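Right, one structure below, let's go through it.
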There are 2 protein chains.
Amino acid sequence: MSRQPTIKDVASKAEVSFKTVSRVLNGEPHVRKEVRERVLAAAAALDYRPNIAARGLIGGRSRLIGFLYDNPNYSYVTEAELGALQVCREAGYHLAVEPVDSQNDVARQIEQIISSLRLDGVIMTPPISDDASAMAVLDRLGVAHVRIAPNAARESGPCVFIDDEAAAFALTRHLLDLGHQAIGFVLGHPDHGASALRLAGFERAMASAGLQAGADHMVQGYFTFESGMSAGHRMLSGADRPTAIFAANDKMALGVMAAARELGLAVPDQVSIAGFDDTRAAQICSPSLTTVRQPVDAMCQAAADMLISMSANEDLADPALQLDFEIRARRSTAAPPG
Amino acid sequence: MSRQPTIKDVASKAEVSFKTVSRVLNGEPHVRKEVRERVLAAAAALDYRPNIAARGLIGGRSRLIGFLYDNPNYSYVTEAELGALQVCREAGYHLAVEPVDSQNDVARQIEQIISSLRLDGVIMTPPISDDASAMAVLDRLGVAHVRIAPNAARESGPCVFIDDEAAAFALTRHLLDLGHQAIGFVLGHPDHGASALRLAGFERAMASAGLQAGADHMVQGYFTFESGMSAGHRMLSGADRPTAIFAANDKMALGVMAAARELGLAVPDQVSIAGFDDTRAAQICSPSLTTVRQPVDAMCQAAADMLISMSANEDLADPALQLDFEIRARRSTAAPPG
DNA sequence: ATTTTGTCAGATAACGTTGTCAGATTCGAT
DNA sequence: ATCGAATCTGACAACGTTATCTGACAAAAT
């Protein structure tokens, strides 16, 4: 276990001052090519790696990006993390993952995380990407941030999103095109910004077909399996049950599917079910679930890219980036019975 | 955006030298109670938080713990992360999450991560907790590490695990107690250490009942849904199909369940299915899956605790910590038909 | 009263890097 | 040859903290 080589070790090996080594390593100009190569060779020979703490101390830049979330959805978080991580690593940055408990004082938690870690920037995933107090803290501390799929205030700062409204519209159209008319909708968690947009897309598609979902075909859910199941029970037990149910996320759709099974209704023969997110479970379940794919990893890749540019004081080409969604039509949807 | 308060700001507010502040904040002795309280009050008033970079620079301790994984299982990783994170935060540490690609040179990747981040310690999750070259690098660099659920060399360093063999034994006993005799087994990924142990537990339980699984009732899987499905097809299409199948993890069990459904076999009436891990999907699926619960979060909490103690140069009470598993008997297992 | 011991507090040096500035060298133009 | 400008290089300070040493003071022992 030998000491890590420092910049001075490289300097003496390359027979230059340690400042010159610093210049070479940071790609600064004014170094002769011959010297540059000598330094590079020495650094490589010693397998030198700069001390991130020392760098952070002087420059204020920690080369650390925070990934903040409060999301019980495992696959979402992991996929998001992976996307961010990939970009970070390529740029020599690292990711500090920090769960936040949005029940308690979010602003305080975030302030703690930021100031103890001196993060260069943070990625805010839903639902905290819509937490106004959290955003206020970030602004006050002057910390760069990119929001993933926020609902409100897309103009007010960098963010990455898909067009939830258009996606919900497209998925509803898919159901309408199959011939469904009585379509139920399970609303998402009221605190998640996307919920309202998905509802709007659903309603617009219905209206475009001259239809309107009845009040008993619109049930509030909370993005959980259980809430989907109870919503499913409620809609499918009624007299005029819908022939298709669109749940605002996959977990609720799986809940609806469980309810259908308990009630002895075949999917998709008697009732079609669709979700939103394209989680792994949507691919695995039986029948596989028709859903909307959000490019979660690409979104977080883009976010990390933006933050790294920002911390290098570059201007962002586009602070509000919209990525494409994709409809994944699978086995859980089919033409209505009769 | 005002500058973060430094230790000197606290010092001048409390009217002591900045070194005294440092003493108070680090809980060092030789500070009068009155002074200590004055300093604490000043620190609180300024909302002072130490600069982690400066600390890391001087002490060599980064207060950063690495969480290394190469595991396609989302829920496992997230739950593990959460457990570690919780402990870290309480102790003022942070977690750097680093996926590793075990296809390529693991040792080199780890060396890069460690030396660029100066991690105080790393948590190694399966399957890399069994990668000998990775362990060799960690030893060489003198980085503290705790392995989660390793197979090999439990004596050779700190680790946390459950008794996979006993758990597989207990679950197999559960099937035997229900009256099953023809029990199939889907083996885990050969690179994961737990696979061999789970197989051993299964075989011991079978032997204890005077039984032995035939070769066509033992199929190699790879911990994926797809491998489980193909294994299920193979076992359930044969002439003497088993009345119960025990898959070495939940994903494969779900695959077996899908295969059963495709073959028109009712679960659990015609065939019982059991898994291992108690993933979220095991609770959600229909019928819900009988499985073994590993306390993944508790395991990682313990690992983080151990690393923090180690970085404070404390001795570990027990470098090889065994936690308890739990059998979750659910709806996917029942008495055999007939 | 004087010495010894112990407790408390401060001054100063380090940690490894980047920023600032000044000095040295090279080159082209007079 | 001589100067000016550009290019290159190095010395030194700075970042915010902890470690080490040294000094001041009080209490206890002579």
Side-chain angles (χ1 to χ4, degrees), chain A residues 2-40 42-43 46-64 92 114-118 120 311-313, chain B residues 2-40 42-43 46-64 92-93 115-118 120 311-313:
Chain A
S2 60
R3 191 178 53 89
Q4 290 271 348
T6 74
I7 202 171
K8 293 187 185 173
D9 299 323
V10 178
S12 60
K13 189 175 177 84
E15 295 178 324
V16 293
S17 81
F18 72 95
K19 175 64 210 181
T20 299
V21 176
S22 170
R23 260 190 277 265
V24 171
L25 263 28
N26 289 287
E28 291 171 30
H30 307 312
V31 181
R32 246 182 317 161
K33 196 179 159 200
E34 179 226 334
V35 174
R36 156 167 280 117
E37 281 166 3
R38 209 166 65 217
V39 169
L40 252 23
L46 293 174
D47 196 24
Y48 165 79
R49 257 180 282 275
N51 183 320
I52 198 171
R55 274 188 164 174
L57 182 56
I58 179 74
R61 282 173 59 191
S62 61
R63 285 181 167 74
L64 226 46
I114 303 283
S115 58
S116 73
L117 227 39
R118 317 281 153 129
D120 285 356
S311 87
N313 279 317
Chain B
S2 59
R3 189 179 55 87
Q4 289 272 348
T6 73
I7 201 169
K8 292 187 183 172
D9 298 323
V10 178
S12 60
K13 188 173 178 82
E15 295 178 320
V16 294
S17 80
F18 73 94
K19 175 59 211 183
T20 300
V21 176
S22 170
R23 259 190 279 264
V24 171
L25 266 29
N26 289 287
E28 290 173 30
H30 307 314
V31 181
R32 246 181 317 159
K33 197 180 160 200
E34 179 225 335
V35 174
R36 156 168 278 117
E37 280 165 5
R38 209 166 66 218
V39 169
L40 252 22
L46 292 174
D47 198 23
Y48 165 79
R49 256 180 285 273
N51 184 319
I52 198 173
R55 273 189 165 173
L57 181 55
I58 180 72
R61 283 172 58 189
S62 61
R63 284 177 166 75
L64 227 46
Y93 278 64
S115 57
S116 74
L117 228 38
R118 316 280 153 131
D120 285 356
S311 87
N313 279 318

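Keep in mind that what you see is a predicted model, and the values were worked out from it rather than measured. Reminder, nothing fancy here: chain letters follow the sequence lines and each chain counts from 1.
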### Message
Closest-nucleotide mapping onto DNA chain D: is A:Arg23 or B:Ser22 further toward the 5' terminus? I mean the 5' end.
### Response
A:Arg23
Between atom [atom1] in [X] and atom [atom2] in [N], what is the gap in whole Å?
X	N	atom1	atom2	answer
A:Arg63	C:dG16	CZ	C1'	13 Å
A:Ile7	C:dG16	CD1	P	11 Å
A:Asp9	C:dG16	CG	P	9 Å
B:Arg118	C:dT17	CZ	P	7 Å
B:Glu34	C:dC8	CD	C1'	12 Å
B:Arg61	C:dC15	CZ	P	19 Å
B:Asn26	D:dA19	CG	C1'	11 Å
B:Gln4	D:dG16	CD	P	10 Å

Could you please name the option among [options] that lies closest to any side-chain atom of [X]?
X	options	result
B:Val31	C:dA9, D:dT17, C:dT18	C:dA9
A:Ile58	D:dG16, C:dA9, C:dT17	C:dT17
B:Lys19	D:dG16, C:dG10, C:dG16	C:dG10
A:Tyr48	D:dT9, C:dT17, D:dG16	C:dT17
A:His30	D:dA13, D:dC8, D:dT17	D:dC8

What heavy-atom pair brings [X] and [Y] nearest, and what distance separates the two atoms?
X	Y	answer
A:Thr6	A:Tyr48	C-CE1, 3.5 Å
B:Arg55	B:Asn26	NH2-OD1, 3.7 Å
A:Ile52	A:Arg63	CD1-CB, 4.2 Å

### Query
Is the number of heavy atoms from other residues, nucleotides or ligands under 6.0 Å of B:Lys13 NZ greater than 12?
no
[Y] and [X], any side-chain heavy atoms less than 4.5 Å apart:
X	Y	answer
A:Arg38	A:Thr20	no
B:Asn51	B:Gln4	no
B:Ser62	B:Leu117	no

## Note on the structure
Distance col, row A:Arg32:CZ vs A:Glu37:CD, nearest 0.5 angstrom, shows 11.5 Å
### Query
Under 4.0 angstrom, heavy atoms only, what part of the nucleic acid is A:Pro50 near: base, sugar-phosphate, or nothing?
sugar-phosphate
Verify the contact: side-chain N or O of [X] to OP1 or OP2 of [N], cut-off strictly under 4.0 Å; return yes or no.
X	N	value
B:Asn51	D:dC15	no
A:Arg32	D:dC8	no
B:Thr20	C:dA9	no

### Task
Please tell me which of B:Ala54 and B:Phe18 maps to the more 5' nucleotide of DNA chain C, matching each residue to the nucleotide holding its nearest heavy atom.
B:Phe18
### Task
Note down the inter-axis angle between the two ends of the helix from C:dA1-D:dT30 to C:dT30-D:dA1, five pairs each, to the nearest 10°.
50°
